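Here the structure is a predicted model, which is why all the values come from computation and not from measurement. Residue numbers begin at 1 in each chain, while the letters A, B, ... track the order of the sequences. Below, each value reflects all heavy atoms present in this structure, side chains not excepted, and no hydrogens, waters or symmetry copies.
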Amino acid sequence: MHLGAPQQMSKTATTERSDQAFRISDVWANKRSRSLIIQIIAVILLLTFIAWIVDNTIQNLSNLGVETGYGFLWDPANYDINQRLIDYTSRSPHARAALVGFLNTALVAVLGIVFATMIGFTAGVLRLSKNWLVAKLMTVYIEFTRNVPVLLHILLCYGIVVNSLPHPRVAAEPMSGFFLSNRGFYLPRPIFEDGSWPIAIAILVALVFVIWFAVHAKRVQNKTGVIYPVLPVSLVVIIVLPLLAYFFSENPVTVDWPELKGFNFVGGVAIKPEFFALWFALSIYTGAFIAEIVRGGILAVSHGQTEASYALGIKPSWTTRLIVLPQAMRVILPPLINQFLNLTKNSSLAIAVGYMDVTATIGRISLNQTGRALECMSILLSIYLAVSLLISALMNWCNRRISLVEH
Amino acid sequence: MNRFLLNIATGSVLIGLGTLAQAATLDDVKSKGHVQCGINTGLPGFAYKDNAGEWQGFDVDFCKAVGAAIFGNAGGVKYTNLTGATRFEALKSREIDLLSRNTTWTYSRDVDLKLTFVGVNYYDGQGFIAKKELGVSSASELNGASVCIQTGTTTELNLADFFRVNKMDYEPVPIENNEEARSNYLAGRCDVYTTDASGLAASRASFKNPDEHIVLPEIISKEPLGPLVRHGDDEWGDIVRWTLNALILAEEYGVDSSNVEALASGTDNPEINRMLGNEGEYGAMLGLDRDWVVNVIKATGNYSEIFDRNIGPDTPIGLSRGQNASYKDGGILYAPPFR
């Protein structure tokens, strides 16, 4: 009886509710459906907004009589580019100019990321050094570099190279065949002739061996604890095998020496001041941020790990390499991705020193000569977006590989 | 997200304003009280800041002339400094009303970019400047040279054509503006600097030792420089065009800033009378005052006064009139009649 009463009551309540028609206010009162409705409205508003902007832009452009379209990409670009990794003349189309620019961007981004990472890890570890002088030097480097805008670093590097190095006619020659001038650094370039295939094979064999050896060494170490000297062996193999191949094949490689002819050096490999300034400035700037990330990552690893390692008699350099850094990497990697993306995007400052990256070619000169602002900007936008997403995907894959796996 | 939305909102408001502001440029200019004039970021003789911090120069004076035509004195002008790469966007987006920035009149700029060149105020051509110590006396000896070049200009295209046609190699060193081009050239990053011959003379004049530099004799292109406006407002285009013509005609008829006041009260020459508002209603046809040409000449002087004051033989730039002389003096400067 006692139990029955409430049951009765709730039954009445339900019947009462079902008696009435479905009420809109119930949907609003429900927390889940309310938030769903708000989100749908927000998305609709946003889409309407974007559609309105796009429509307005197209309308305004057609009012101005401006035609849009990507056909201009196949017209001759008519301008020359001084730094290029692929063939290009002023008769090549704008699309190829964009490609030349893209490769230049990729070059400076990849080399910048490599160098910045090297600097960053070194400086980050050294800033934690017990050596007072080393630690303070690293602090000065980091604080100076990351607190000055990167554009100033780029202009400073460029100014120093162009204004302090000698003119090509009186270029410095630190080593025979190597020249330093304010038009660039010139190095001899090896040319692989037809008879150089043994060298290629030797390099391939060396690489395969090194990879196999590293895997094998790891397996042996896991099983028995014996540590093979992987690095020295790898270096020796990679250097010695191709050298042997070189001496046993007949005159396979000739060298293209840089030589002063008329106004400039001809031949060899030229590292232009524009490229150098951009690459170096981006590297040291981003390197300073990476150093702080690395330092943070190392400090995040419990000190007990180091102490335990020392207690086991593992020497300090191994402790850092085998115990601390692998654990620190889990903290370091996610912000490191950001820095790589920043470096890549900051490379668009190239125009300040006249390095012909993708912003300078399609985003600037092509844009200016054709007046196709929207088209060029949209191409530029998609290129940077694609590159950034690619880097991001790669690094996230790395991150998943090293993150803690719970069994 | 908020910032993102804010950006979108700002952007669309700007676009929206663009739509609203399709009214006639002259009404627009009158209601805001000044002409917004696009000029160079700095080119001695053409657009530079004087010791008092005021913009002066050949191109700047033209802006003042248009200001005087509308407002009666040279004060109604504001300036926007533009690089070679930003100038057309600024004009097309209505940021400026008029571009007077040593800009070359070409087919594609006129037709494809939908701009209206109202005439030519300086007939120029592209040349090279080199250090004398290089021992170069002709542009045909420049094989293998490094050439400083401003990006986004017609000179960049002429340069590529010149070297290709003459089967010579060169290294282009792209530079953003005239100042940087000069410092790179002086630092020896490039062997020669190329731009319009007038610009070279201007730059040379600003070097510490102008005598150490030589302007090579070759002129590799035609560069008719002139002021321009947007397509789509012919009335505004007419005002700018006839301001330029009035400056040229004033020189032709001997009207200058010293005698314009006297001549305005009436002369025997009906053309001068029409121009200075003594006969007919020519000012009203443009929507301007009856004596608008008088105001222009009082503010800036006629073409030859502007030329001599800014870039003529007595200035550090030291350009002679050459083909920019009136057609009566053997040049090609020729304006249609004021009738």
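A pairwise comparison of heavy atoms in B:Pro174 and B:Thr151 identifies CB-CG2, 3.3 Å as the closest pair. Scanning both residues, A:Thr105 and A:Ser347, for their nearest heavy atoms gives CG2-OG, 3.7 Å.
In terms of non-hydrogen atom pairs under 4.5 Å with chain A, the most contact-rich of B:Asp161, B:Thr153, B:Val136 is B:Thr153. Among A:Ala360, A:Ser366, A:Pro273, A:Ala77, the residue making the largest number of heavy-atom pairs under 4.5 Å with chain B is A:Pro273.
Proximity to chain A (any heavy atom under 4.5 Å) is restricted, for B:Tyr170, to the side chain, taken from C-beta onward. Interface residue B:Leu134: backbone and side-chain heavy atoms are both found under 4.5 Å from chain A. For chain A, the nearby part of B:Glu141 is the backbone; its heavy atoms alone come within less than 4.5 Å. The contact between B:Leu157 and chain A is made by backbone and side chain atoms together, counting heavy-atom distances below 4.5 Å. Both the backbone and the side chain of B:Leu142 come within contact range of chain A, each with at least one heavy atom under 4.5 Å from a heavy atom of that chain. With a 4.5 angstrom heavy-atom cutoff, B:Arg189 touches chain A via backbone and side-chain atoms both. Neither the backbone nor the side chain of B:Asp169 comes within contact range of chain A, judged by heavy atoms closer than 4.5 Å. Contacts between A:Thr370 and chain B at a heavy-atom distance below 4.5 Å involve the backbone alone (N, CA, C, O).
By the neighbour-count criterion of 12 heavy atoms within 6.0 Å, atom NZ of B:Lys32 is densely surrounded, having more than that number from other residues, nucleotides or ligands.
Between B:Glu171 and A:Arg183 there is no salt bridge, since no side-chain nitrogen of the basic residue lies less than 4.0 Å from a carboxylate oxygen of the acidic one.
Remark: the backbone N or O of B:Asp191 is not paired with any side-chain donor or acceptor of B:Ser146 at under 3.5 angstrom.
The cationic atom of B:Lys131 (NZ for Lys, CZ for Arg) lies less than 6.0 Å from the six-membered ring centre of B:Tyr185 and within 45° of the ring axis.
Ring-centre distance between A:Phe275 and A:Tyr158: not below the 6.0 Å cut-off.
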